[in-house]
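Each chain gets a letter, A, B and so on, in the order the sequences are listed, and its residues count up from 1. Just so you know, these numbers use all the heavy atoms, side chains as well, and skip hydrogens, waters and symmetry mates.
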There are 2 protein chains.
Amino acid sequence: MKTSVTDEIRASGKRMTRTRQAVLAVLESTKYPLSPAELYARLRKQNVAIDPVTVYRNLHALRTIGLVRQIKLHQEEQFRYEMKEGREHHHHIRCKSCGKIEDLLLCPLKKLTAMIQRETRFLVGDHSLEFSGWCPKCQ
Amino acid sequence: MKTSVTDEIRASGKRMTRTRQAVLAVLESTKYPLSPAELYARLRKQNVAIDPVTVYRNLHALRTIGLVRQIKLHQEEQFRYEMKEGREHHHHIRCKSCGKIEDLLLCPLKKLTAMIQRETRFLVGDHSLEFSGWCPKCQ
DNA sequence: AAACTAATGCAAATAAGTTGCAGTTATTAT
DNA sequence: ATAATAACTGCAACTTATTTGCATTAGTTT
């Protein structure tokens with residue numbers, strides 16, 4: 001973990017604690033968005049003593065600072081979280097069989113957004129797009 | 001409500017009860033997907049005596065028959081439900097200010113799906129796409 | 001009209017997430 | 001360094017969305 005992250009946290013009036021460091025380390029080393037429960041399980045596996053509530057509170061704090069992004073995948077019950085850094089605008093595809101989640105690097109919706117603004121008279125601010133199917137192993 | 005709906009329900013071994021009729025009537029008269037709580041509130045407003053649990057059980061039953069579709073909008077906590085009939089493949093846009101939900105009639109993702117299959121090696125089965133922004137009144 | 005069994009209401013259980021509180025600990029000011 | 005401040009933590013309890021158990025009610029079939 002970089003000093004810069006610690007600095008960002010301190011600059012926002014928050015503190016870099018041992019548990020927060022562990023939470024950040026897990027998020028930074030995972031290449032797909034984690035649910036609070038998954039995050040908690042990984043921390044326990046690494047023998048980090050932490051309460052599930054603290055996981056939630058850390059995710060909330062990191063989100064308000066802007067270090068972490070909260071997302072909700074289609075048809076899932078819980079939220080997922082990922083580091084914002086180096087993961088700008090992107091979408092996901094998830095395997096219906098094993099649950100594997102991968103990033104999609106393309107976003108083809110710029111043109112479409114303009115069309116929707118015209119047709120609906122909404123001012124479009126955001127979109128979510130997600131695919132699901134079967135990953136190579138599960139086909 | 002058409003007889004055909006009643007027939008579909010009976011054909012699947014289910015029964016057309018008074019409460020189920022009321023649930024269906026509300027769903028059929030609403031042009032955007034309702035959460036169980038919203039559905040319950042509308043029923044109460046019409047003085048339909050029904051328990052929230054019964055709303056859930058009806059939605060589940062109607063869903064397994066294939067009359068109703070369950071969806072989860074981006075960043076929302078609960079599921080929403082809409083009649084399948086006459087609402088085939090479509091997407092939604094929601095106002096970030098007043099919560100208004102509208103249908104989008106277009107789906108521009110056929111070509112994209114093929115591209116994603118090639119790039120990810122996933123077999124793509126489904127996608128979800130949703131826009132949010134500000135409706136004309138809230139701009 | 002009787003028999004069968006789906007549907008209902010109520011209470012209680014689950015799952016995901018939040019909040020209150022008292023004790024701990026990272027920061028800051030001395 | 002050290003004390004003072006306030007963020008952070010764990011634990012228990014709460015909230016919200018949804019599900020399940022069970023005894024009773026009521027559509028459907030014969």
S.K.: When you match B/Arg15 and B/Glu77 each to their closest nucleotide on DNA chain D, which lands nearer the 5' end?
M.R.: B/Glu77
S.K.: D/dA26, OP1 or OP2 - any side-chain N/O from B/Thr17 closer than 4.0 Å?
M.R.: no
S.K.: Take atom CD of B/Gln21 and atom C1' of C/dT8, then tell me their distance rounded to the nearest Å.
M.R.: 16 Å
S.K.: Of the nucleotides D/dT20, C/dT19, C/dT18, which one has an atom closest to the side chain of A/Tyr56?
M.R.: C/dT18
S.K.: So B/His90 and B/His92, would you call those rings parallel, tilted or perpendicular, with 30° and 60° as cut-offs?
M.R.: perpendicular
S.K.: Taking the minimum atom-to-atom distance to the side chain of B/Arg20, which one of D/dG27, C/dC10, C/dT8 wins?
M.R.: C/dT8
S.K.: Tell me: CG of B/Leu39 to P of D/dT18, nearest whole Å?
M.R.: 12 Å
S.K.: Tell me the interatomic distance from A/Ile9, atom CD1, to C/dT27, atom P, rounded to whole angstroms.
M.R.: 9 Å
S.K.: Figure out the CZ/C1' separation between A/Arg80 and C/dG17, and round it to whole Å.
M.R.: 16 Å
S.K.: Give the nucleotide from the list C/dT8, D/dT19, C/dT19 with an atom nearest to the side chain of B/Thr19.
M.R.: C/dT8
S.K.: Of the options C/dT27, D/dG27, D/dC11, whose atoms approach the side-chain atoms of A/Val53 most closely?
M.R.: D/dC11
S.K.: Without decimals, in angstroms, what is the distance between A/Gln78 CD and C/dT14 C1'?
M.R.: 14 Å
S.K.: Count the heavy atoms of every other residue, nucleotide or ligand shown that sit under 6.0 Å from CZ of B/Arg121, and state whether that count exceeds 12.
M.R.: no
S.K.: Base, sugar-phosphate, or nothing: which does B/Ala37 touch, judged by heavy atoms less than 4.0 Å apart?
M.R.: nothing
S.K.: Measure CG/A/Asn58 against P/C/dT18 and give the value in whole Å, please.
M.R.: 13 Å
S.K.: Which of these nucleotides, C/dG17, C/dT27, D/dT28, is closest to any side-chain atom of B/Arg10?
M.R.: D/dT28
S.K.: Which is more 5' along DNA chain C, the nucleotide nearest B/Pro52 or the one nearest A/Arg57? Just name the residue.
M.R.: B/Pro52
S.K.: Would you indicate which nucleotide in C/dG9, D/dC11, D/dG27 comes nearest to any side-chain atom of B/Ile50?
M.R.: C/dG9
S.K.: Expressed as a whole number of angstroms, how long is the span from A/Leu59:CG to C/dT19:C1'?
M.R.: 17 Å
S.K.: If you assign A/Lys14 and B/Phe79 each to the DNA chain D nucleotide with the nearest heavy atom, which residue ends up on the more 5' nucleotide?
M.R.: A/Lys14
S.K.: Which whole-number value in Å describes the distance from A/Asp51 CG to C/dC21 C1'?
M.R.: 14 Å
S.K.: I'd like to know whether the aromatic ring centres of B/His91 and B/His127 sit less than 6.0 Å apart in this structure.
M.R.: yes
S.K.: Is any side-chain nitrogen or oxygen of B/Arg18 closer than 4.0 Å to OP1 or OP2 of D/dG27?
M.R.: yes
S.K.: Heavy atoms, side chains only, cut-off 4.5 Å: are B/Leu129 and A/Ser128 in contact?
M.R.: no
S.K.: Give the C-alpha distance, both sets of side-chain angles, the deciding distance and a yes or no for side-chain contact (heavy atoms from CB on, under 4.5 Å) between B/Leu73 and B/Glu130.
M.R.: CA-CA 7 Å; B/Leu73 295 188; B/Glu130 190 199 329; 3.7 Å; yes
